[in-house]
Structure formats: C-alpha cells, structure tokens
There are 2 protein chains.
Amino acid sequence: MSRRTPGLEEYLESLYKLSDGRVGEPVTTSALASDLGVAPASVTEMVKRLGEQGLVEHVPYKGASLTDTGLTEGAAMVRNHRLWERFLVDVLRMDWDEVHDEACALEHATSPHLAEHLAAFLSNPETCPHGYPLPPTTAAGRVVRKGNSGPSPNASGRPLYDLEPGFVGEVSAVEETPELLRYCAEAGLVPGARVTVVSRHPIEPILEVRVGESGQAAGRTLSVGPRLGRCVRVK
Amino acid sequence: MSRRTPGLEEYLESLYKLSDGRVGEPVTTSALASDLGVAPASVTEMVKRLGEQGLVEHVPYKGASLTDTGLTEGAAMVRNHRLWERFLVDVLRMDWDEVHDEACALEHATSPHLAEHLAAFLSNPETCPHGYPLPPTTAAGRVVRKGNSGPSPNASGRPLYDLEPGFVGEVSAVEETPELLRYCAEAGLVPGARVTVVSRHPIEPILEVRVGESGQAAGRTLSVGPRLGRCVRVK
DNA sequence: TTTATAATTTAGGTAGACCTAAATCCAAAT
DNA sequence: ATTTGGATTTAGGTCTACCTAAATTATAAA
Ligand SMILES: [Mn+2]
Ligand SMILES: [Mn+2]
Ligand SMILES: [Mn+2]
Ligand SMILES: [Mn+2]
C-alpha cells in the first residue's frame, strides 16, 4: 500500500551512490543524512519504510544496504538524473553548473518508458556532463546488474591533487558544486581536457598544472590547491 | 511557511483551465473534484490552503476563483504541460496518446528558467500536439496576462459533430483521451487535417466526414457519431 | 574493564494531502 | 412560503515525511 514516492526515490539514489553500486554494502545513517540534508532520525524512519518494501536491509546501529530490487531502483534514479543533465547541457544549452538541481527534480518525474526514449534521442550517452558514468540498461530498459555487484556509479580516475609532476592525462570528472563548476569551465578543466602536471610548490600546497593542448604552444597554466585539486579527477 | 507543492500546482492548473484563464471566474468545488479525481471534501480543504497563500479567493458554497498571482501560476503549469507534450512528441517521438501523463508529472519539476530554455529549443510553439494553445509569456518569461483576462487556454473551433453538411475546415484540436487519440491518429483526424462534412444520416446520429486532401482524389470517408464528434474541434 | 563520546534510535509532534461519514446550506420546485 | 435533494463543508481519521529532544547503544580511549 504505497508506491515509490519522490522521497523514497531520493533515498534509493543516495544509497546507490554511497554504496558504490553494490548490493549488501552497508551505508551509515549519518552518511545518508548528510548526503540528503536531513536529520539522522528521519533517515532511521525512512530506512525502516524502505525495509518494509523490501528495498533495503537494515541492521540497527550498523547500517542500511540495498537489496537487489533496491539497487535496480536506485540505479534507475541515478541514470535518469544523468540523462537529464546530458539533455539540459547538450540539447537545451544550459550551463553545467545549473543542471544538477533541475535534473534532481526531473528524475522523479521520469517513467522507464520516457527514460528509454530520452536515452535513444541522446544516443545512449556514457557519462553525465560532469564525467560521471550512467548506469547501463539492458535492451529491455532494465538497469543492468550482474551477479552481486554492478559497475560503480562513481567517477574513475585519480584526484588531480594527488598526481606527481610530469603526469599527463585528461580530466575524467569534476565534482558538481556550482561555484567550483563555474570556475572549472572558465579554466578549461572539463571532462576530456588534456592536463599536464608541471610542478609542485616546495613550500605551499600548490600544484602547477597546464591545461589544454599538450603541444608546446597552447595551454594555460593554473595553480591548483587541495580544494580544487581534489574535486577534479584525471585519468 | 510552505511553497507551491505538486499538489497545489495541480489545483492551480485545473482552476486555470476550468475558469478559462479569467481572474475572478468562480469554479465549483465539484468541478474541481471531478477534474482532479479527488473527493469534494479534499477540494474544500485544499482551496482553503490556496486561499491562505493568496492564490485563490474562496466564497463558501459559491466557488473558488483565481487571484492574479494564482492565475499566473496556473498558466505557467498549463504552459509547462503543453511544452513538454510538444517535446515528447516532436523530439522524443513518443505517441500523442501517451504524453499527457508524462507531461503531467514533468510540469511540476520544471523551473521557469528550464521552461524558457525548453520553449526556445522548441521555437516557441503555439499549441500542444492535441491543438490546445500554450499560454504565452513575456520576454522575461512571466506568463502574459493583460488587464483582467488573458487568452483562453481552451481549444478554438466548433465541435465536429455540430457542423452542417458542406462545411469544410481543418481540425483545430482533439480531446486528450488515450483511446480516442489512438483512433484519431489512425483515422487522420489530427490538428491541421482538412475535413469536409459530407452528410448527416437521416435516422441515426451519424455524420459522414471526408478526412484528408480536399482535392477530388484523396481522402478517406469516416462515420462520426456524437462520442467522437464532440471530442474533435474544427475551424 | 570501565568510561566517555559519538552515532543511532525512540518518543512525541507538525504539516500536507488525501479519505468517509455526518452535518449544513441553498436554490429550485411545489 | 415551505420543502427537499444535491452541493458543500465540517468532523474525524490515515499516511507520509519531516523535525527536536531524550534515550540508548557501540566503540575507542583510558
Ligand atoms: Mn536526486
Ligand atoms: Mn552530473
Ligand atoms: Mn497536471
Ligand atoms: Mn495536450
């Protein structure tokens, strides 16, 4: 006697991301609470409801973990979210720092049928504009999940800040904080951009990074601190 | 202490359509209840809430009417709804009989800013796929409303069933019932299609109608009864 | 092993959005 | 001017999703 409501879907989405797409991976109440911006007590309650619907397994004081069906629903939400982001940026030409909130609302108003049409129209994208992967689906539109663990919903690559001078690679993902995203777009730090770690400051926690064509001519040099450098991943 | 929630927005949307886009036009509790598929008692309660927020004026036992701000919000919902329908049919290639419900969910997950981008991408359409007009907006994106009454959100044209033999015109709108829409699409009774009323049956309540190119050759002849004929409007 | 600290759950409460059943009102027919 | 049937509102109840404050529990330090 109750379907998946936008509220419950948010919990599943968060659970899916926090458990890295793995069935049975426990997530703490406080991790969920801080991710959802909600009081811990609310999480406890909500998780109980999800448990009654067979979407999560809850061990009191230990954590909540997604069941098979819970994982599927959570993955679908993350997929919807990232599909819409792709659409908003690529098709409607919105800025990549303003699409997260819009997608977060749209994802709950998206039937599986609509998601299929949208994905087909977008030629089945593999990542969102920020570089995070879309959970894949079968031909029938169900989210793929092989055996006990599916692919990770989190970004690949290592944080830019942890790289050694001399490293050359390309940006794989940027964490989606509006202010940060605006700066990164400005600086050319977008998924696919070539980056070269030039040097690390001997005293201060600063990395010199060249962004853009790795050829001798072009490319702008940036100073990257830990704040920015841990939000940009490179592979 | 409470924003416009999907629930309230549905009431405003319905109020806007039922009052034909006019400020101060009273709508009965039962009209709202039946349009929204909800008990009359629920409407009374909800209308009280809308009143507290200054969106409607409620005269007990008489009816509810939209205020200026209520009209603007209602119009925006209708506009969002019809924009999404256009998108789903024209861009995602969904069938016109399945887009109403999808749009009804999406409309509440659409910020004014998103609506602007969507409208621009669709080249500011004037009608939804079923022929109903989109409430227009100003350059700033606010829904237009001049003086006391704006443009009607309802379809123009006369019901096909009420026309006299000899009448030639084109379909302006079709009422959005899935089953009916499927039949109409099949029969070519879509907005813009040319129709000629051939004759009215002397005994039975049936109209013979030619659909398609009015030129001598093409065009299919259909028997139209009151059920269908009152759902198709022609101008 | 005890104790303290932080995480978690329980208790109790609010507000929204619905419902059914029981008054109440109004307007139209007598 | 009454009557009365249908529309409307009120009363009382449910369920969801939040909250704060007060227990409770687990674990890391002493
Ligand atoms: Mn979300
Ligand atoms: Mn993203
Ligand atoms: Mn609607
Ligand atoms: Mn329509």
Side-chain angles (χ1 to χ4, degrees), chain A residues 1-16 18-19 25-66 70 73-74 77 101 104-105 107-109, chain B residues 1-16 18-19 25-66 70 73-74 77 101 104-105 107-109:
Chain A
M1 43 210 60
S2 101
R3 61 249 152 262
R4 309 104 215 129
T5 171
L8 292 191
E9 288 179 348
E10 277 295 302
Y11 280 82
L12 292 173
E13 183 190 8
S14 183
L15 244 352
Y16 178 74
L18 294 175
S19 60
E25 183 81 5
V27 176
T28 64
T29 298
S30 49
L32 268 174
S34 97
D35 191 57
L36 293 166
V38 121
S42 307
V43 173
T44 304
E45 228 186 82
M46 218 55 181
V47 152
K48 200 175 63 192
R49 254 198 277 283
L50 288 166
E52 281 159 11
Q53 296 188 222
L55 297 163
V56 310
E57 193 84 42
H58 183 217
V59 183
Y61 292 102
K62 202 242 174 185
S65 61
L66 288 169
E73 306 251 329
M77 278 317 118
D101 291 350
C104 204
E107 71 198 15
H108 307 293
Chain B
M1 43 214 60
S2 102
R3 62 251 150 261
R4 309 105 216 127
T5 169
L8 291 192
E9 288 178 349
E10 277 295 302
Y11 280 81
L12 292 173
E13 183 189 9
S14 183
L15 243 351
Y16 178 74
L18 294 174
S19 60
E25 183 81 4
V27 177
T28 64
T29 299
S30 49
L32 267 175
S34 98
D35 191 57
L36 293 166
V38 120
S42 307
V43 172
T44 303
E45 229 185 83
M46 217 56 180
V47 153
K48 201 176 60 192
R49 254 197 278 284
L50 288 165
E52 282 159 11
Q53 296 189 220
L55 298 162
V56 309
E57 193 85 40
H58 184 219
V59 183
Y61 293 103
K62 201 239 171 186
S65 60
L66 287 169
E73 306 251 330
M77 279 315 120
D101 291 349
C104 203
E107 70 197 14
H108 307 292

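Lettering follows sequence order; numbering is per chain, from 1. All figures in this text were calculated on a predicted structure; none of them were measured in a lab.
Atom CG of A/Leu32 is separated from atom CD of A/Glu10 by 11.0 Å, given to the nearest 0.5 angstrom. Rounded to the nearest 0.5 angstrom, B/Glu52 CD and B/Lys48 NZ are separated by 6.5 Å. Interatomic distance, CG of A/Leu50 versus CG of A/Leu15, reported as 7.0 Å (0.5 Å rounding). Atom NE2 of B/His108 sits about 15.0 Å away from atom NE2 of A/His108, to the nearest 0.5 Å. Atoms NE2 and OG1, from B/His58 and B/Thr44 in turn, are 6.0 Å apart once rounded to the nearest 0.5 Å.
Nearest heavy atoms, A/Leu12 versus A/Gly70: CD2-O, 4.1 Å. Across A/Met77 and A/Glu107, no two heavy atoms sit closer than the pair SD-O, 3.7 Å. Nearest heavy atom pair, residue A/Ala39 against residue A/Ala33, reads C-CB, 4.2 Å. The two residues B/Leu36 and B/Ser14 have their closest heavy-atom pair at CD2-CB, 3.9 Å. Taking every heavy atom of both residues into account, A/Ala64 and A/Val47 meet most closely at CB-CG1, 4.0 Å.
Rounded to 10 degrees, the angle separating the terminal axes of the helix from C/dT1-D/dA30 to C/dT30-D/dA1 is 10°, with each axis obtained from five end pairs.
Within a 6.0 Å radius of CD in A/Glu57, other residues, nucleotides and ligands contribute 12 heavy atoms or fewer.
Scored by the side-chain contact (heavy atoms from CB on, under 4.5 Å) test, A/Glu45 finds A/Arg49 as partners (sequence neighbours excluded). For A/Thr28, the side-chain contact (heavy atoms from CB on, under 4.5 Å) partners are A/Ser30, A/Ala31, not counting sequence neighbours.
Taking atom CE of B/Met46 as the reference point, atom C1' of C/dG16 lies 7 Å away to the nearest angstrom. In this structure, B/Leu50 places its CG atom 13 Å from P of D/dT9, rounding to the nearest Å. Between A/Leu32 atom CG and D/dA17 atom C1' there is a gap of 15 Å when expressed in whole angstrom units.
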Give me the distances for all protein-to-nucleotides 1-4 of chain D N/O pairs that come in under 3.5 Å?
none

Atom pairs, protein N/O to nucleotides 8-10 of chain C N/O, distance under 3.5 Å:
| from | atom 1 | to | atom 2 | distance (Å) |
| --- | --- | --- | --- | --- |
| C/dT8 | OP2 | A/Ser30 | N | 2.8 |
| C/dT8 | OP2 | A/Ser30 | OG | 2.5 |
| C/dT9 | OP1 | A/His58 | NE2 | 2.7 |
| C/dT9 | OP1 | A/Tyr61 | N | 3.1 |
| C/dT9 | OP2 | A/Thr29 | OG1 | 2.8 |
| C/dT9 | OP2 | A/Thr44 | OG1 | 2.8 |

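Nearest nucleotide to the A/Ala39 side chain, out of D/dC19, D/dT16, C/dC19: D/dC19.
Near-neighbour residues of DNA chain D inside residues 4-13 of chain B, defined by a heavy atom below 4.0 Å, are absent.
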